[in-house]
Structures are given as structure tokens and as C-alpha cells.
Amino acid sequence: MDRVDCIIVGGGVIGLAVARRIASVGLETLVLEREAVHGSHTSSRNSEVIHAGLYYPSGSLKARLCVSGREQLYRYCDDRAVPYRRCGKLIVATSDEECGTLHDYLESARRNGVTDVAWRTAAEVATMEPAVRCTAALWSPSTGILDSHLLMQALLADLETHGGSLVRRAEVVGGRLACGSHRVLVQQGAMAIELEARLLVNAAGLGAQAVASQLEGLDAATIPPRYLAKGHYFTLQGRSPFRHLVYPVAGSGGLGIHVTLDLAGGVRFGPDVEWVADVDYAVDQTRCAAFAAAIRRYYPDLDATRLQSGYTGIRPKITGPGEPAADFCIQGPQRHGIEGLVNLYGIESPGLTASLAIADEVAARLGVADATATRSGAQDR
Ligand SMILES: Cc1cc2nc3c(=O)[nH]c(=O)nc-3n(C[C@H](O)[C@H](O)[C@H](O)COP(=O)(O)OP(=O)(O)OC[C@H]3O[C@@H](n4cnc5c(N)ncnc54)[C@H](O)[C@@H]3O)c2cc1C
């Protein structure tokens, strides 16, 4: 049986960021990815926004890891020439009631240490974004956009530089946990292989609960439920009327149908929220009318014939419809009692923004210190 120091299940942005972090201290690290292409699920089906961190409850992992991860990510993009733009975002209120919500966001931003968020009047917004109508807005200058595919390429290249590797078409179908030597069963085509590692990280995204439930020795009571909230995107054909990201006040289950720009200047609107039972990325064309109505609240001149169906993504939630949004769930030995194991559940937005900070958090929970630790020196907690 082959043995490595660390196995990561899942080659999305979280698995790759964690793998890079762990490999950077000299531990032999292997990422197992079920698909033929890494990052082909949630990590490439999102808004590609670098969030400032203003919405999340203060003290939550989402708030802390978004704020620290955002600055880490901007630095990383600079260092590794990953394309990004710190374009800023307006959050617009279209009623007095929504203005009240903006005040709440401003307070929440300050509590989270996001100190650059500023109030903008309707007249000020009109000069920034002439196509947008609102009663007032918040301006977040540290929000940006990035190329998530090139981010993952850079993380993978770093992993390989540190001697780690990604194995594609390698599905984890079982495992047995034991302190110091976790075993996983991997299906690669017709071949089943068993691998052993001292450290095991479950970063399987939408598949995290399924992977965890296959690990013998893990208390099933620690596995949270899985809920799926699908989001559609529609693109706007032709020239962009926007220079910044424009978000409405957040709705239940998501941040509302917002304007996202891509690095080529294209405009996409989304995502909406549809609770679904299965992972199915088909686009429901009939949602176009509801999109047009939501967009016209802040962009009244929308020509709906310019809307084209785009793509969908699915939020890996751990609370269901009508329940309060959950925090990121990063379970280490303190939660499940098994040394050398971390399970990540519910890594929805702002997971992309927070990816590098999440990697540090996972490393800490595994007792993997920093780049000065040696292969034999890094100890489990
Ligand atoms: C609609 C939407 C919009 C979003 N917008 C933003 C945004 O603008 N900004 C932001 O910061 N965040 C955003 N997010 C959140 C962000 O995209 C996610 O937090 C992040 O991509 C999660 O990455 P991941 O690696 O955990 O999951 P994934 O990318 O899904 O990766 C998990 C991987 O595990 C693999 N896998 C599953 N089971 C197995 C198995 N048994 N064996 C081997 N491999 C397996 C899968 O094939 C997959 O590649 C958004 C999310 C959604 C859904």
C-alpha cells in the first residue's frame, strides 16, 4: 500500500489551497479528485468575487477568514500573476426599508474590521453608475473580481513545486480512520487502490457528507445535513452599462441577483436561489422573466432581450430553507476526536475569497505549523 503524509479529498479551490499549504512545509501531499478536470464544480460555478467581508456575523469563521483571506488573496494574485481587479462594489437600497438594512451592513462591516465601507447618496451613485437607480448605497472599495481558474492553476503549480500532486479521476469510495494511519479506498476507473496517510482532509465540497459517511471510525453524529441551493446566472449581451459590481440588499439563502463583471468586461447577473434535491447544473431558461424583474429594481432600463442563459452553481449548505445561514463548518480533532483528520462542510460563499485563510485554519487544526516545520517535525495535535 502506498503511504504519503497527507491526503486531500477534492481538487476544488479549497482542496488545492489546503494541499499547497501543507506541502509547503515539506509534507508529501496528494490531492484525489473524482472528476477528469479539477475545480469543475463549485469552484468554477460562482461569481468570482473577492468579497470584503462585511455581511457575516462578527466572530464567525466566515467573517474572520473572509477578511484575512481577502488580503492574502490579493497579495497572492500579485505574487503569482493571477488576473484580478479591485473594482469595488455598490450595495444599493431601493426603498427606505432597505436603507435600514444598509445601516445594519455598515455596522456589521465595522464590527468585522472592514473599515473602508462608505455611505453614498443616490446622487453620488448616479455619477458612479448612471444606469443604476437607488435611494442610497454602500460603497465597498476593497471588493474585487478574479479569474478563479487561473487561481486554481497557480495553487496547483505551487503544490507541484513543493513535490505534491493531484490525481484526477480518483474517487474516494471508502476509508478507515486510525490515529497516525488513515486509510482511504480510491476507485480509478476499474482499479481500486488503498492509500495510507497520517493526515486526511475532506474538502469534497458537495460530496463532503458522502465522503465522511464512508469513513469507518467517524461518529456519524458529527456529519451535518446537506442542503443544496442552486443559483442561476444570465449574461448581458453587448456593451456593459456598469463599471463596478452592483448588489441589491441580500435575500434569504444568497446575496441577491447582482451584477458581476468578468475580467474581459462582460456582465452577468445572478445567482438566484432554488432549493434542489440533486446536483444538476442545467439552466432553467424560464427564470429569465424573474431575473428581469429583480434586475429592473436597480437597473430600470434593462432590455430583457439582451439576457442570455449563462450557467449555474450549487451552494453546499448545511442549513435548509427558512433556517438561519450557517457558518463554515471546519471540524478538526477537537470536534470529532480523531487526530490528523479535518472535515470541511458548508464551504459556500465566501469560500473562494477565504480559500488561503481556510488553508491556514485547516493546517492549524492538523497541527501543521508553518514553513519552518520539517517533514518529521510537524506533529498532529
Ligand atoms: C452560486 C455561487 C456563487 C458563489 N460566489 C462566490 C463569490 O463570488 N466569492 C466567493 O468567495 N465565493 C463564492 N462562492 C463560494 C465558492 O465558490 C466556494 O466556497 C468554493 O468554490 C468551494 O470550493 P470547494 O473546493 O470546497 O468545492 P468544489 O469546488 O466543489 O470542490 C470539491 C471537489 O471535490 C470533488 N469530490 C467530491 N467527492 C469526491 C470523492 N468522493 N472523491 C474525490 N473527489 C471528490 C469534486 O469533484 C470537486 O471537484 C459561490 C458559490 C456558489 C455556489
Side-chain angles (χ1 to χ4, degrees), residues 7-19 30-53 55-56 62 65-66 69-70 73 89 143-146 148-149 151-152 155 166-175 184-188 201-215 228-233 245 247 253-258 260-262 268 270-274 276 279 281 310-317 328-330 343-359 362:
I7 290 174
I8 315 276
V9 188
V13 72
I14 302 299
L16 292 171
V18 172
L30 194 63
V31 179
L32 301 173
E33 167 53 52
R34 179 169 63 183
E35 305 291 347
V37 180
H38 66 271
S40 57
H41 285 273
T42 314
S43 297
S44 57
R45 296 174 163 277
N46 56 59
S47 301
E48 297 187 299
V49 171
I50 302 177
H51 286 296
Y55 297 100
Y56 315 107
K62 282 184 178 175
L65 300 178
C66 182
R70 179 237 299 160
L73 189 54
K89 131 173 149 176
T143 302
I145 50 175
L146 87 166
S148 58
H149 297 270
L151 170 64
M152 287 189 278
L155 295 170
L166 165 73
V167 187
R168 299 177 181 86
R169 292 197 177 93
E171 180 174 7
V172 171
V173 292
V184 294
L185 188 63
V186 186
Q187 194 71 42
Q188 255 202 311
V201 178
N202 171 7
L206 297 163
Q209 281 87 343
V211 168
S213 63
Q214 290 163 350
L215 298 177
L228 306 175
K230 184 170 177 176
H232 283 74
Y233 291 86
L245 307 181
Y247 278 54
L255 294 182
I257 293 175
H258 49 258
T260 310
L261 307 174
D262 62 32
R268 55 198 167 190
D272 60 354
V273 178
E274 180 194 10
V276 293
V279 176
Y281 294 120
Y311 61 97
T312 66
I314 299 182
R315 304 169 184 88
K317 292 197 173 274
F328 290 151
C329 182
I330 304 177
N343 285 311
L344 295 122
Y345 306 103
I347 310 298
E348 54 171 333
S349 191
L352 182 64
T353 309
S355 51
L356 297 173
I358 290 175
V362 171

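Atom set for the values below is all heavy atoms of this structure, side chains included, hydrogens, waters and symmetry mates excluded. Residue numbers start at 1 and run along the sequence shown. Note that ligands are numbered from 1 as they come in the structure, with each ligand's atoms numbered from 1 the same way.
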Go through the steps for L65 and I330 under the test side-chain contact (heavy atoms from CB on, under 4.5 Å), then give the verdict. CA-CA 12 Å; L65 300 178; I330 304 177; 4.1 Å; yes

For ligand 1, does H38 get within less than 4.0 Å through its side chain, its backbone, both, or neither, judged by non-hydrogen atoms? neither

Any N or O of L206 closer than 3.5 Å to N or O of ligand 1: no

Please report whether ligand 1 has a polar contact with L352, defined as an N or O pair separated by less than 3.5 Å (distance criterion only). yes

Give yes or no for whether the N/O distance cutoff of 3.5 Å, strictly under, is met between E348 and ligand 1. yes

Return yes or no for this condition: an N or O of I347 is under 3.5 Å from an N or O of ligand 1. yes

Looking only at distances, can you tell me whether any N or O atom of I14, backbone or side chain, sits closer than 3.5 Å to an N or O atom of ligand 1? yes

Do any nitrogen or oxygen atoms of R34 lie less than 3.5 angstrom from nitrogen or oxygen atoms of ligand 1? yes

What residues form a ring-ring contact (aromatic ring centres under 6.0 Å, His included) with H258, not counting sequence neighbours? Y247

Within reach of ligand 1, part of T353 (heavy-atom separation under 4.0 Å): both

Looking only at N/O atoms, are N46 and ligand 1 under 3.5 Å apart anywhere? yes

Polar proximity ligand 1 side, E171 side, N/O cut 3.5 Å exclusive: no

Would G207 count as being in polar contact with ligand 1, using the rule that some N or O on each side must be under 3.5 angstrom apart? no

Using distance alone, decide if ligand 1 has a nitrogen or oxygen within less than 3.5 Å of any nitrogen or oxygen in R315. no

